[in-house]
Amino acid sequence: MLALIPPFIIGAVDIAAAFLFMFGLKRMSSPVTAASGIRYAGFGMIAAILASFLYVFSVDASARPHLLVNVALAILALVVGGSLAWLSGKRAAVTAMPQMVALYNGMGGGAAGAIAAVELFGGRIHGPTALIVTLAGALIGAVSLSGSVVAWAKLDGVLKHPLRVKGLQIVNAAVMAVIVAIGAVIVVSVMTTFNIVMAPPLWIYVFFGLALVFGVLMTLPIGGADMPVVISIYNACTGLAVGLEGYVLQIPALMIAGMMVGAAGLLLTLLMAKAMNRSVANVLFTKFGDEPKVAKGAIKGELKPTEASDAGVFMRYAASVIIVPGYGLAAAQAQGKLYEFVKLLAASGVSVKFAIHPVAGRMPGQMDVLLAEAGVPYDMIFQLDDINDDFKTTDVALVIGANDVVNPAARSDKSSPIYGMPILNADQARQVYVVKRGQGKGYADIVNALFYADNCNMVYGDAQAVLIKMIEAVRGLTSAAA
Amino acid sequence: MTHDLAMGGFTGLYIFMLAAFTGWVIIGRVPAILHTPLMSGSNFVHGVVVVGGLAALLNAATPLQQTIGFLAGLLGAGNVAGGYAVTERMLAMFHTSDAKTAVHPHHARHHAKHAKKS
C-alpha cells in the first residue's frame, strides 16, 4: 500500500505542472499578463523536478545498488547545469537573445536524445512501437542539438559564412536514408536478439553519431536572415523529441509539454515562412541568394549620401516619422540611442512610430524585444499590417539596418528572389533616410531599388555613431534657440 | 521503473493530439510583438525533459548509462534554467507609454487579431 504513495504524488504533481504550463503559455498571449505567465510555468517546473526524485522508490532492481551515486549525480547535474545556464541567461546582452534561445533549445534536444540512449543501452525498451518511438525521438533530439549549436555559432559570429557545397542536399538525403536504415537494423536486432553485422550497442553509437552529423550538415548552408525560421523549427523539433521520449518513459507531463511546444513551434515556423513568402522547404533546401539576381537596367538614379546631422534636423521639423529597424540596429547595439533620439523628436511634437517586419532580425519578434529593452513602450510599436498604409501620409521613413524588408522589388520585380514577400512600404514616405554601414547589399545580395529612389538619402556609418550625431544636431538646435 | 507501455499507443496518440491542438490554439493568439518571449517561454516549457532525464539517471545501472544519464540531467537543467532566465528578463521589459494604466486589454486584443494574419 505504501508503495503506491510515491507514484500517486508524482502523478498529481505532474498533472498540476502540465496545467500550469498550458495556463502560463496562455497568459503569455498579452503583454499585460505575460510576465506572470512565465512564473506560473516556473512553479510547475520546480514542482515537477522535485517530485521526480520520488522515482527513487521505484527504480529497477539492477539500478538499486547504484541508487546513492545516481541521486548524487542527479543533484550535481541540476546544480551545475542549472546554475551555469542561469548565469549565462542573466548576463547575455539582449542583442544575443536569439543565440541564447538556440543554445538552450539545443540542450533540451540533447537531453531528449540522451534519455533515449540510456533507455536503449539499458535494454529497457521492448516491442516495435516503443523502439520506433524511442529512435524517432532520439533522431529528432540529436539533430536539434547539433543543428541548434550550429545556429548558435552562426548567430554568435563564430561561423561567419554559410557553407554552400554543390550536391550537399544529395549527401544529406543519403545520410538520412542511412540513419533510417540503421534505425531499422536496431529495431530488428533488439527484437530478435540477433546481431546484424555487429551488436546493437555499436549500431546505437553509429546512429547517434550520424544524427548529430546530419544536424550540422542540415544547418550549415542556411544563412543569417533565415534564422527566424531555423530557430522556430528546432524549437518545434525539441518539443517533438521531448514528447516522444515522454511516451517511452510513460510520463504524460513530458508528452503534453513536448507536443504543445512542437505544435506551437510549427505554427511560428509557418508564420515566419509566410512572412517571407517562401515555403519552409524553400528556406531549408534552397541555396538562397546564390546566383546573381540583379535585374538588368532596372535600377535608375544614384545613391545620394547625406550627413547624419542634416537628416536629424530634417526629422526634427517633420510632422511624422516612422522608424523601420532591422538587424543592423541590433548589431550596432544602438537601440538605446535610437530611443533617446525618438524622445527628443517626440518632445518637439513629432509623431513617431516604429514599424516592425515579421522577419526583421534573427528570430521572430527580435526587434520588439530590442526596442522594449531600450524602454520603448509597446504601444509605439506597430506590426506590418497595422502600419503599412500610414507610410504614404508620413513625412519621413527612417530605415536603420534593414534592407530586404523594405525592397520595393518584392512588389514589382518578378525576377527578384524576394518577389511576393510582403514588405514595409517605406518608399512611399515623402522622404526616406537609410542608415547603413556601407554600400554593400543586403543578406540576400539583392540591389535595393529604394536606395536609388529620388526621395531617398543614404546616411553611412555605424547606427550608434549616426544616432549620436543626430541627437547632437537636434540638441544643438534647441540650445541655439534658447 | 517499468516500460510495459501501460499507456497504449492510442492513448498516447490522444494525448499528443489534444496537446498539439492546445499548443496551436494558444500560440495562434499571441501577438507578433511577443513572438520572441513566447518562443523562449515555450523553449523553457520543453525543458520539462529534465524530469525524464532524472528518471533515466536514477535507473542507470552501468557507468555508461550513468554518464549519459548525467548528461541528460545536465542538459535538461540547462534548458530549464537558461530558458527561464532569458524569458523572464525579456518579459520584464515590456511596458506601455502610460505607466499608470498599465492594463490595455483593448490594445492587446488589437495586436492579437493581427498576429494571425501576419
Side-chain angles (χ1 to χ4, degrees), chain A residues 21 25-26 28-31 34-35 38 48 52 55 59-60 62-63 70 73-74 77-78 81-82 85-86 89-90 100-101 104-105 107-108 110-112 114-115 117-118 122 124 238-239 242 247 249 254-257 259-261 263-264 267 358 364-365 368-369 372-373 377-379 383 385, chain B residues 1 3 7 9 12 15-16 19-20 22-24 26-27 29-30 32-33 35-36 38 40-43 45-46 48-49 51-59 61 65 68-79 81-83 85-88 90-91 93-94 96-97 103 108 114 117-118:
Chain A
F21 294 155
L25 277 185
K26 172 76 186 70
M28 280 203 197
S29 56
S30 154
I38 186 70
S52 67
Y55 285 122
V59 291
D60 293 338
S62 59
N70 286 350
L73 281 175
L78 285 178
W86 180 267
K90 283 285 172 198
M100 297 320 286
V101 172
Y104 302 138
N105 179 54
M107 288 178 177
I115 291 170
V118 175
R124 284 195 284 269
T238 301
V242 171
Y247 177 71
L249 295 174
L254 262 70
M255 299 169 67
I256 291 170
M259 209 45 72
M260 194 168 69
V261 173
L267 176 59
D368 301 288
V369 172
E373 192 222 4
Y378 61 75
D379 42 14
Q383 307 299 325
D385 288 342
Chain B
M1 172 171 255
H3 288 291
M7 184 197 312
I15 293 180
F16 283 152
T22 307
W24 186 275
I26 289 178
I27 273 39
R29 293 211 194 126
V30 173
I33 192 170
H35 274 169
T36 290
L38 162 85
S40 176
S42 62
N43 183 26
V45 165
H46 70 47
V48 73
V49 69
V51 168
L54 294 176
L57 173 57
L58 292 175
N59 282 288
Q65 291 171 38
I68 306 173
F70 178 73
L71 197 66
L74 193 74
L75 291 173
N79 186 174
V86 294
T87 310
E88 192 194 34
M90 285 192 273
L91 288 173
M93 293 167 189
F94 285 95
T96 58
S97 50
V103 183
H114 287 278
K117 279 198 276 175
S118 59

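Naming convention: chains lettered A, B, ... in sequence-line order (proteins, then strands); numbering from 1 in each chain.
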> So how far is it from B:Q65 CD to A:R124 CZ, rounded to the nearest 0.5 Å?
Replying inline: 5.5 Å
>> Looking at chain B, which one of A:L267, A:I115, A:V101, A:V369 has the largest number of heavy-atom pairs inside 4.5 Å, strictly under?
In response: A:L267
> If you tally heavy-atom pairs under 4.5 Å against chain A, which of B:G73, B:G78, B:G12 wins?
Replying inline: B:G78
> Among A:I38, A:I256, A:V261, which residue meets the side chain to side chain contact (heavy atoms under 4.5 Å, CB included) test with B:V45?
Replying inline: A:V261
> If you tally heavy-atom pairs under 4.5 Å against chain A, which of B:I27, B:N43, B:L38, B:I68 wins?
Replying inline: B:N43
>> If you count heavy-atom pairs within less than 4.5 Å of chain B, which of A:G122, A:A117, A:G110 leads?
In response: A:G122
> With A:T238, which residues qualify under side-chain hydrogen bond (donor to acceptor under 3.5 Å, both in side chains), at least two apart?
Replying inline: A:N105, A:S144
>> Between A:A63, A:A77, A:A85, who has the most heavy-atom pairs with chain B when the cutoff is under 4.5 Å?
In response: A:A77
> What distance do A:Y55 atom OH and B:L58 atom CG have between them, rounded to the nearest 0.5 Å?
Replying inline: 9.5 Å
> Can you tell which of B:G83, B:G82, B:G23, B:G52 has the highest number of heavy-atom pairs within less than 4.5 Å of chain A?
Replying inline: B:G82
>> Just so I understand: if I count every heavy-atom pair under 4.5 Å between each of A:A257, A:A263, A:A111 and chain B, which residue has the most?
In response: A:A111
> Shortest non-hydrogen contact from B:A32 to A:D368?
Replying inline: O-OD2, 3.7 Å
> Which of the residues A:A372, A:A114, A:G89 is involved in the greatest number of heavy-atom pairs with chain B at under 4.5 angstrom?
Replying inline: A:A372
>> As an exercise, state the distance from CG of A:N70 to CG of B:L57, rounded to the nearest 0.5 Å.
In response: 5.0 Å
> Looking at CE of A:M107 and CG of B:L71, how far apart are the two atoms once the value is rounded to the nearest 0.5 Å?
Replying inline: 10.5 Å
> Roughly how far apart are B:I26 CD1 and A:M28 CE, rounded to 0.5 Å?
Replying inline: 10.5 Å
>> Which heavy atom of B:V51 sits nearest to which heavy atom of A:S52, and what is that distance?
In response: CG1-CB, 3.9 Å
> Is there a donor-acceptor contact under 3.5 Å from the side chain of B:N59 to the main chain of A:D60?
Replying inline: yes
>> Working to the nearest 0.5 angstrom, can you tell me the gap between B:I15 CD1 and A:L254 CG?
In response: 11.5 Å
